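Taking it in order: structure first as structure tokens, then the write-up.
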Amino acid sequence: MTNSDSRVAVYTGSFDPITLGHLNVIERSSRLVDRLIVGIGINVEKQSLFTPEERLALVRSCTAHLPNVEVGSFSGLAVSFCRQSGSRVLLRGVRSLGDIESEFTMIMANRKLDPGIETVLLMADGQYSHISSSLIKQIAALAGDEELGRFVPAEVVSAIRKKMTAG
């Protein structure tokens, strides 16, 4: 299969931190394409729990078992990152009808920005539909490791604990 024939998709987000819901979407998406590029969006104006480098390392660690998954970071527009990655498919994970509503606006804007890029929505499995990075940040200080492990991969639990004791 030549490069021009390969199916490449990009899945973007802040992944601050990566959750089991994100990982579920990544694992399922990786089975649909030849190459999946996870793009970590960097917004310097947004207060993040983890630095861009820490997020890259965590996502790479959590996806190491998936040979066709690559991880990179970008600042700017997701469609620009998608184009630069050689992909015409932008994957988005959704958890609820509310997510679909907000994604709709972004899909229409992205279509105006680059009509050649298609957005595909992938529903998170039901057991992950309530998990968000914001929720993790809210409960991290109160939840034990086992409880936190119900929402994020084990390496993320450790990273959160290190971050909390350092700060």
Side-chain angles (χ1 to χ4, degrees), residues 8-27 29-30 33 35-64 66 69-124 128-141 148 151-153 155-164 166-167:
V8 180
V10 169
Y11 175 42
T12 61
S14 63
F15 304 102
D16 185 42
I18 184 170
T19 68
L20 291 176
H22 291 134
L23 193 55
N24 173 256
V25 170
I26 291 168
E27 288 172 340
S29 298
S30 74
V33 296
R35 198 167 134 231
L36 177 65
I37 302 163
V38 178
I40 299 172
I42 309 302
N43 182 347
V44 292
E45 295 174 9
K46 190 175 176 185
Q47 180 66 26
S48 298
L49 178 62
F50 291 102
T51 67
E53 296 78 19
E54 290 168 331
R55 286 184 272 157
L56 272 167
L58 283 171
V59 175
R60 283 184 178 138
S61 174
C62 293
T63 60
L66 301 167
V69 173
E70 301 167 27
V71 183
S73 64
F74 70 97
S75 57
L77 298 171
V79 290
S80 297
F81 179 72
C82 196
R83 197 177 323 113
Q84 291 161 3
S85 300
S87 176
R88 305 309 286 164
V89 177
L90 185 59
L91 287 170
R92 299 293 297 161
V94 293
R95 299 167 302 191
S96 65
L97 287 175
D99 280 356
I100 293 171
E101 262 186 66
S102 61
E103 287 295 335
F104 178 79
T105 302
M106 193 53 73
I107 290 168
M108 299 314 291
N110 285 342
R111 190 168 285 166
K112 285 284 188 201
L113 293 167
D114 191 331
I117 293 179
E118 290 295 336
T119 301
V120 175
L121 302 180
L122 195 62
M123 292 298 298
Y128 305 115
S129 64
H130 63 288
I131 301 174
S132 69
S133 294
S134 304
L135 173 71
I136 302 311
K137 292 173 194 169
Q138 289 173 346
I139 68 168
L148 202 51
F151 301 96
V152 296
E155 48 266 70
V156 176
V157 172
S158 300
I160 289 171
R161 294 300 179 225
K162 282 183 194 160
K163 190 62 84 166
M164 290 171 64

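Just so we're clear, the structure is a prediction, and the values are computed from it rather than from any experiment. Numbers here simply count residues along the sequence, with the first being 1.
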* Asked: What do the steps show when you test F15 against L58 for side-chain contact (heavy atoms from CB on, under 4.5 Å), and what is the final call?
  -> CA-CA 9 Å; F15 304 102; L58 283 171; over 6 Å; no
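- Nearest heavy atoms, M164 versus A141: CE-CA, 3.1 Å.
- Although no hydrogens or angles enter the test, the distance criterion places a donor-acceptor pair under 3.5 Å between the side chain of R55 and the main chain of F50.
- Atom CZ of R161 has more than 12 heavy atoms from other residues, nucleotides or ligands within 6.0 Å.
- For the pair S85 and V10, the tightest heavy-atom approach, listed with the atom from each and the gap, is CB-CG2, 3.9 Å.
- For Y128 and H22, the distance between ring centers is not under 6.0 angstrom.
- Panel note: side chain T19, backbone F151; no donor-acceptor pair is recorded below 3.5 Å.
- The two residues K137 and L49 come nearest to each other via the heavy atoms CE-CB, 4.1 Å.
- For the side-chain contact (heavy atoms from CB on, under 4.5 Å) test with R92, the passing option among V25, V120, T12, I100 is T12; the others fail.
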* Starting from the C-alpha separation in whole Å, work towards a yes-or-no answer on salt bridge (charged side-chain N to carboxylate O under 4.0 Å, His left out) for E70 and R60. => CA-CA 8 Å; E70 301 167 27; R60 283 184 178 138; over 6 Å; no
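- Heavy-atom minimum distance, L148 versus A140: CD1-CA, 4.2 Å.
- Residues C62 and P153 meet the side-chain proximity criterion, which asks for heavy atoms closer than 4.5 Å.
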* Apply side-chain contact (heavy atoms from CB on, under 4.5 Å) to S29 and L122, showing your working. => CA-CA 8 Å; S29 298; L122 195 62; 3.3 Å; yes
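- The backbone N or O of L66 lies less than 3.5 Å from no partner atom in the side chain of T63, so there is not a single donor-acceptor pair.
- For the pair R95 (side chain) and I131 (backbone), a donor-acceptor distance under 3.5 Å is present.
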